[in-house]
Chemist: 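One structure, pasted below without further comment.
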Amino acid sequence: MSEILVTENIQGVSMVRLMDDLDVEFDAYLWQNVDQLKEKIKNAKALIVRNQTQVNRELIDAAPDLKIIARAGAGLDNVDTQYAHEKGIVVCFTPDANSLSVAELAIGLMLSLLRKVPEARQDTLTGGWNRIKFTGAELHGKTLGLIGMGRIGTLTATRARAFGMNIIAADPYLSADAPHLKQMNGKLVSLDELLAQADVVSCHSPLTPDTRKMLTYRHFCLMKPTAFFINTSRGEVVDESGLTQALLEHKLAGAALDVRETEPPNQCPLNQMENVILTPHIAAFTLEAQERVVDSVCEDVRLVLSGKKAIHVFEP
Ligand code: MLT
């Protein structure tokens, strides 16, 4: 039984150092076996997870000595932060470490969708040379609708502005005269207005009880038939069957999903659609972001275990 339990694949130089210096059990697949996890966490003082370990009441109750839960990532939807707080356990996360990488993937998916890169690649690999078929569209002059304009939404907007896109945003926490919105000539609109006006909709909303299945068939039907939907936030924000139905009925032109309702997802009609790009929740997976993420969680764990205050603490 180790002092520090790592239950998912979280690698990097700082993790190697942590393993050299302290008593760490690293098991990349432990999140899949809840019984074993509950057994191993009995004497742990620190738990390091990504988004797959369900750090719920049951698990927290199985860990009477736990001092810190360190989430290697930004989303805390898999951690019962309120209960951890009540139990006096520090919850740390890495809110800034991977924002840039997520924003860059959102832009990459935008370009891939509008220029039909995956379909063109597939066609070329099977002997095709169809230039007219793969005529795309420019980002320049198009309207980007951001659902959520926090850190990642803002970084995505800044990059989209460099491509000459216009920005509109729907965000209950944003005011119409927010300086960063004004600076990019952005406009705050309702969710329905955003869906009706945008050429590309990019979702950057955290998963909360209010945002779960926030985007349904009705919402996708509001989109222009030429518009694209991108999700790099959380899959559960979208009612995937509603999106699938809307795509089948050509209510929108296509979609790129890095996150899914169930991860890994089951076989579904989205897999067969040429105008849909599916990636395995890789938005935060760049060398740079992962180094920052791992540095951050390892530093916080060291601090807390040596009786000091952690740096990236989440306050519920
Ligand atoms: C995040 O929340 O930081 C990203 O979605 C990556 C992850 O969940 O590990």
Side-chain angles (χ1 to χ4, degrees), residues 5-12 14-15 26-32 37 47-56 59 68-81 84 91-109 146-156 173 202-212 214-215 230-238 240 256-265 277-301 310-316:
L5 198 54
V6 184
T7 59
E8 295 180 53
N9 199 352
I10 303 165
Q11 295 192 31
S14 297
M15 183 59 76
F26 185 105
D27 182 344
Y29 301 102
L30 192 55
W31 63 275
Q32 292 175 336
L37 172 56
L47 173 67
I48 307 182
V49 300
R50 280 195 195 280
N51 69 324
Q52 282 169 303
T53 312
Q54 294 311 307
V55 192
N56 49 25
L59 190 67
I68 172 170
I69 298 164
R71 159 72 169 102
L76 281 163
D77 42 283
N78 59 317
V79 179
D80 189 336
T81 53
V91 176
C92 290
F93 67 146
T94 63
D96 291 318
N98 54 27
S99 307
L100 192 57
S101 293
V102 180
E104 286 189 5
L105 184 72
I107 297 287
L109 292 173
L146 293 156
I147 303 177
M149 200 157 166
R151 278 181 296 269
I152 299 172
T154 304
L155 287 168
T156 306
Y173 301 101
S202 189
C203 185
H204 300 283
S205 168
L207 178 65
T208 67
D210 290 340
T211 63
R212 191 176 289 277
M214 169 176 72
L215 298 169
I230 296 170
N231 191 8
T232 52
S233 62
R234 280 293 179 271
E236 295 102 310
V237 168
V238 173
E240 222 171 75
L257 306 176
D258 183 51
V259 287
R260 307 294 297 278
E261 249 176 8
T262 310
E263 292 183 7
I277 302 174
L278 301 171
T279 48
H281 200 150
I282 52 168
F285 282 75
T286 60
L287 295 174
E288 296 84 355
Q290 286 309 303
E291 200 171 308
R292 290 191 290 265
V293 162
V294 178
D295 286 354
S296 174
V297 289
C298 290
E299 182 178 21
D300 279 334
V301 164
I311 298 168
H312 312 95
V313 179
F314 174 79
E315 303 289 354

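Heavy atoms only: backbone and side chains are in, while hydrogens, waters and symmetry mates are out. As the structure lists them, so they are numbered: ligands from 1, and atoms in each ligand from 1.
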Chemist: Checking Q52 side chain against E8 main chain: does a donor-acceptor pair fall under 3.5 Å?
Modeler: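 Judged by distance alone, no pair lies under 3.5 Å.
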
Chemist: State, yes or no, whether a side-chain contact exists between N51 and H281 at a heavy-atom distance under 4.5 Å.
Modeler: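 Yes, their side chains come closer than 4.5 Å.
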
Chemist: Counting only heavy atoms closer than 4.0 Å, does ligand 1 sit against the backbone of A74, its side chain, both, or neither?
Modeler: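 The answer is both, backbone and side chain.
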
Chemist: Only one of V102, L100, I107 forms a side chain to side chain contact (heavy atoms under 4.5 Å, CB included) with T156, so which one is it?
Modeler: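 So, applying the side chain to side chain contact (heavy atoms under 4.5 Å, CB included) to T156 and each of V102, L100, I107, only I107 qualifies.
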
Chemist: Can you confirm, on distance only, whether ligand 1 has an N/O atom lying under 3.5 Å from any N/O atom belonging to R234?
Modeler: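 For ligand 1, there is an N or O atom that lies under 3.5 Å from one belonging to R234.
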
Chemist: Is the shortest heavy-atom distance from the side chain of L207 to the side chain of R212 under 4.5 Å?
Modeler: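 Side chain of L207 against side chain of R212, heavy atoms only: contact under 4.5 Å found.
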
Chemist: Closer than 4.0 Å to some heavy atom of G75 - which atoms of ligand 1 meet that?
Modeler: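 Taking each heavy atom of G75 in turn, ligand 1 has 1 (C), 2 (O), 3 (O) under 4.0 Å.
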
Chemist: Tell me, which protein residue and heavy-atom name are nearest atom 4 (C) of ligand 1, and how many Å apart are they?
Modeler: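 Of every protein heavy atom, H281 NE2, 3.8 Å lies nearest to atom 4 (C) of ligand 1.
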
Chemist: On a heavy-atom basis, which atom in T94 and which in S296 lie closest, and how many Å separate them?
Modeler: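 That would be CG2-OG, 3.4 Å.
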
Chemist: Quick one: are H204 and L146 in side-chain contact, heavy atoms under 4.5 Å?
Modeler: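 Yes, their side chains come closer than 4.5 Å.
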
Chemist: As an exercise, identify every atom of ligand 1 less than 4.0 angstrom from a heavy atom of G73.
Modeler: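 Taking each heavy atom of G73 in turn, ligand 1 has 3 (O) under 4.0 Å.
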
Chemist: How does N98 reach ligand 1, by side chain, by backbone, by both or by neither, if only non-hydrogen atoms under 4.0 Å count?
Modeler: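 Answer for N98: side chain.
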
Chemist: Applying a 4.0 Å heavy-atom criterion (strictly less than), which segment of R71 is in contact with ligand 1: side chain, backbone, both, or neither?
Modeler: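 Side chain only.
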
Chemist: Report, in ascending order of atom number, the atoms of ligand 1 lying under 4.0 Å from any heavy atom of A284.
Modeler: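 Ligand 1 atoms under the 4.0 Å threshold to A284: 6 (C).
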
